[in-house]
Amino acid sequence: MTESVDVVLIGGGIMSATLGTLLHELQPDWKIVAFERLSDVAQESSNPWNNAGTGHAALCELNYMPKNDGGPLDPAKAVSINEQFQQSRQFWSSLVEKGVLDEPSTFINATPHMTFVRGEKDVAYLKARYEVLKKQPLFEGIEYSEDSRVINQWAPLLMQKRRKGEPFAATRVPAGTDVDFGALTHQLFDHLAASGVELRTNQEVRKLKKQTDGSWKVSYQRALGRTPGELNAKFVFVGAGGWALKMLQRSGIPEIKGYGVFPIGGQFLKTTNPAIVAQHKAKVYSQASVGAPPMSVPHLDTRVVDGEASLLFGPFATFSPKFLKNGSMFDIVSQVRTHNLWPMLRVAFANPDLITYLVGELLKNHRKKVDGLRVFMPTAKDEDWSLIDAGQRAQVMKKDAEKGGVLQFGTEVVSAADGSIAGLLGASPGASTAVPIMLSLLKTCFPEQYAGWEPALRELIPTYGQKLNENEAAADESMTATAAALGISR
């Protein structure tokens with residue numbers, strides 16, 4: 001007889017790890033099986049060298065609060081992203097206290113978040129942004145300066161040998177973080193495996209077929225010997241990065257019609273030179289180039305991986321037809337269907353700046369890339385920095401009633417009408433907001449159980465259901481408690 005389980009998780013990244021952990025905490029009696037086609041989890045976008053490790057809380061990322069052509073700046077998106085990250089902080093804090101996660105410094109470290117801009121227009125914008133955000137409880141402690149002496153104290157590498165007379169400004173939030181999502185993913189899966197959840201590595205799901213009883217037949221293939229297997233699952237989550245689209249297409253659910261993805265790769269400049277690393281402890285973001293996607297906003301980051309600090313600068317866009325680093329060269333063409341061809345063509349026609357940007361990035365050699373770094377760090381030397389390949393990001397393309405098709409920057413959950421299958425498409429802020437994304441998925445896909453789960457969810461996430469930014473006292477209490485639990489700045 002075919003094996004039957006309650007839940008199948010496809011993909012061994014932070015999303016599957018988070019959903020699996022939530023479900024196991026809420027329904028410890030459910031049988032859960034996770035599939036990963038590679039030999040270990042967290043080898044794609046969740047790998048620490050495949051992302052910037054920024055705990056996205058909109059503290060430094062300007063694209064969450066863009067310019068408004070002279071109109072008032074709206075903090076709503078920035079506040080929403082921060083609210084979501086606070087849920088992640090609370091969830092991780094609870095798991096540390098329960099012993100699910102290891103010592104917090106193994107996956108999260110206090111790292112101030114900064115924004116640095118040049119030129120009169122951007123300086124005026126950054127100051128206006130600061131004036132709006134400093135009034136928001138979740139952004140308490142944000143600082144602003146145009147003084148080179150102050151900015152030099154915050155991040156010396158930004159100021160050394162900078163040209164005099166150049167207008168510049170910076171904001172700083174000491175409560176920022178650097179997150180090793182690879183370590184976090186491993187720890188979550190280690191706990192799940194020790195608690196009875198079955199993790200099957202080197203096994204690739206090849207087919208999904210809806211059964212008459214509403215369950216899903218999950219057909220898979222083992223890497224060793226390419227032997228096939230199958231099981232039935234009441235619920236399937238597809239957290240396979242760029243391959244989530246392929247899996248959802250194979251499932252045949254109508255909700256995936258009209259969707260496509262555009263793959264964008266990346267590289268970072270990296271240095272481990274102790275003399276340089278010691279002078280910079282911050283994640284410093286700036287404005288994106290014209291046509292650049294939000295994930296390509298330039299930033300100079302402190303990274304802490306396996307206890308060792310380094311600096312990354314980038315990302316620099318690359319192109320590959322693969323949807324994953326370990327994907328197929330045919331990914332970009334194999335996604336094409338009659339229902340998504342027109343939306344994808346409309347996206348191509350409507351985004352010439354993105355194409356120009358990508359071509360320009362591809363033409364840059366190592367020296368040109370270090371020239372980009374020198375905008376941040378005037379003293380940067382070519383020989384101190386080496387290039388590393390980051391992960392593939394699959395940006396969502398989908399139907400639009402007015403434009404025919406749009407390129408969407410962000411993440412989106414696509415689920416079947418009956419809630420029996422769901423998958424995650426898109427990129428940033430992704431991992432940082434995995435907890436609220438999975439909470440939303442649970443509410444959509446498990447409406448009958450969700451009300452009964454809420455008391456347990458409030459134990460894991462004490463302010464669940466509240467808007468912290470609307471309650472200054474609650475915001476202060478929550479951030480103080482999670483900072484203490486995670487060993488990070490308030």
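Heavy atoms from other residues, nucleotides or ligands lying under 6.0 Å from CD of Glu383 number more than 12. Within 6.0 Å of atom CG in Asn365, more than 12 heavy atoms from other residues, nucleotides or ligands are found, so the atom counts as buried in its surroundings. Around atom CD of Gln160, more than 12 heavy atoms belonging to other residues, nucleotides or ligands sit under 6.0 Å away.
A side-chain contact (heavy atoms from CB on, under 4.5 Å) with Ser16 is found for exactly one of Leu188, Thr21, Leu424, Leu9, namely Leu9. A ring-ring contact (aromatic ring centres under 6.0 Å, His included) with Tyr144 is found for exactly one of Tyr130, Phe168, Phe139, namely Tyr130. A side-chain contact (heavy atoms from CB on, under 4.5 Å) with Met114 holds for exactly one of Thr171, Val173, Leu158; it is Leu158. Checked options Thr356, Leu363, Leu362; the residue passing with Val359 is Leu363 (criterion: side-chain contact (heavy atoms from CB on, under 4.5 Å)).
Partners of Asp371 under the salt bridge (charged side-chain N to carboxylate O under 4.0 Å, His left out) rule, at least two apart in sequence or in another chain, are Arg374. With sequence neighbours left out, the side-chain contact (heavy atoms from CB on, under 4.5 Å) criterion links Pro343 to Lys399.
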Take Arg172 and Ile142 through the side chain to side chain contact (heavy atoms under 4.5 Å, CB included) test and state the conclusion after the steps.
CA-CA 6 Å; Arg172 177 177 182 266; Ile142 188 171; over 6 Å; no

Before giving the answer on side chain to side chain contact (heavy atoms under 4.5 Å, CB included), spell out for Leu311 and Leu269 the whole-Å C-alpha distance, their side-chain angles and the decisive distance to 0.1 Å.
CA-CA 8 Å; Leu311 299 185; Leu269 287 169; over 6 Å; no

Please test Gln90 against Ser478 for side chain to side chain donor-acceptor pair (under 3.5 Å), starting from the C-alpha separation and ending with a verdict.
CA-CA 8 Å; Gln90 291 182 38; Ser478 173; 3.0 Å; yes

Could you give me the CA-CA distance, side-chain angles and deciding distance for Asp301 and Arg303, then say whether salt bridge (charged side-chain N to carboxylate O under 4.0 Å, His left out) is met?
CA-CA 6 Å; Asp301 290 357; Arg303 290 301 332 262; over 6 Å; no

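The heavy-atom pair separating Pro315 from His299 by the smallest distance is CD-NE2, 3.5 Å. Contact detail for Gly372 and Phe313: the closest heavy-atom pair is O-CZ, 3.5 Å. Across all non-hydrogen atoms, the minimal contact from Asp102 to Phe107 is O-CE2, 4.0 Å. Taking every heavy atom of both residues into account, Ala78 and Met65 meet most closely at CB-CB, 4.4 Å. Closest approach of Ala434 and Thr18 over heavy atoms only: CB-OG1, 3.8 Å. Residues Met479 and Pro137 come closest through the heavy atom pair CE-O, 3.7 Å.
Taking CE of Met15 as the reference point, atom CG of Leu441 lies at 10.5 Å (rounded to 0.5 Å). To the nearest 0.5 Å, atoms CD1 (Ile151) and CD (Glu146) are separated by 8.0 Å. Atoms CE and CD, on Met377 and Gln279 in that order, are 7.0 Å from each other to the nearest 0.5 Å. For the atom pair Glu36 CD and Thr185 OG1, the distance stands at 10.5 Å (nearest 0.5 Å). Between the CG atom of Leu59 and the CG atom of Leu133 there is a distance of 9.0 Å, given to the nearest 0.5 Å. A distance of 8.5 Å separates CD in Gln395 from CG in Leu354, rounded to the nearest 0.5 Å.
Residues Ile14 and Phe189 fail the side-chain proximity criterion, which asks for heavy atoms closer than 4.5 Å. With contacts defined as side-chain heavy-atom distances shorter than 4.5 Å, the pair Phe35/Thr201 does not qualify. Proximity of Ile108 to Asp178: side-chain heavy atoms (C-beta onward) are nowhere separated by under 4.5 Å.
Note: Phe376 and Phe116 have tilted aromatic rings, judged against thresholds of 30 and 60 degrees for the angle between ring planes. Taking the six-membered ring where tryptophan is involved, the planes of Trp92 and Phe85 are perpendicular, since the angle between them exceeds 60° and thus also 30°.
No donor-acceptor contact under 3.5 angstrom links the side chains of Lys246 and Gln335, judged on distance only. No donor-acceptor contact under 3.5 angstrom links the side chains of Gln249 and Tyr259, judged on distance only. If you check the side chains of Ser80 and Tyr64, you find no donor sitting under 3.5 Å from an acceptor. In the model, Asn82 has no side-chain atom that pairs as donor or acceptor with a side-chain atom of His56 under 3.5 Å. For the residue pair Asp331/Trp243, the side-chain donor-acceptor check at 3.5 Å is satisfied. Using a 3.5 Å distance cut-off with no hydrogens or angles, the side chains of Lys369 and Gln267 do pair a donor with an acceptor. For the residue pair Arg393 / Ser45, a side-chain donor-acceptor distance below 3.5 Å is found, with atom types taken as modelled. Judged by distance alone, the side chains of Gln287 and Tyr285 never bring a donor and an acceptor atom under 3.5 Å apart.
Ion pairing of Lys325 with Glu44 is absent here, as no side-chain N (NZ or NE/NH1/NH2) approaches a carboxylate O to less than 4.0 Å. Salt bridge status for Arg162 with Glu166: present, with a side-chain N to carboxylate O gap under 4.0 Å. Using a 4.0 Å cut-off between charged nitrogen and carboxylate oxygen, Lys134 and Glu143 do not count as a salt-bridge pair.
When atom types are taken as modelled, the side chain of Asp306 and the backbone of Glu308 share no donor-acceptor pair closer than 3.5 angstrom.
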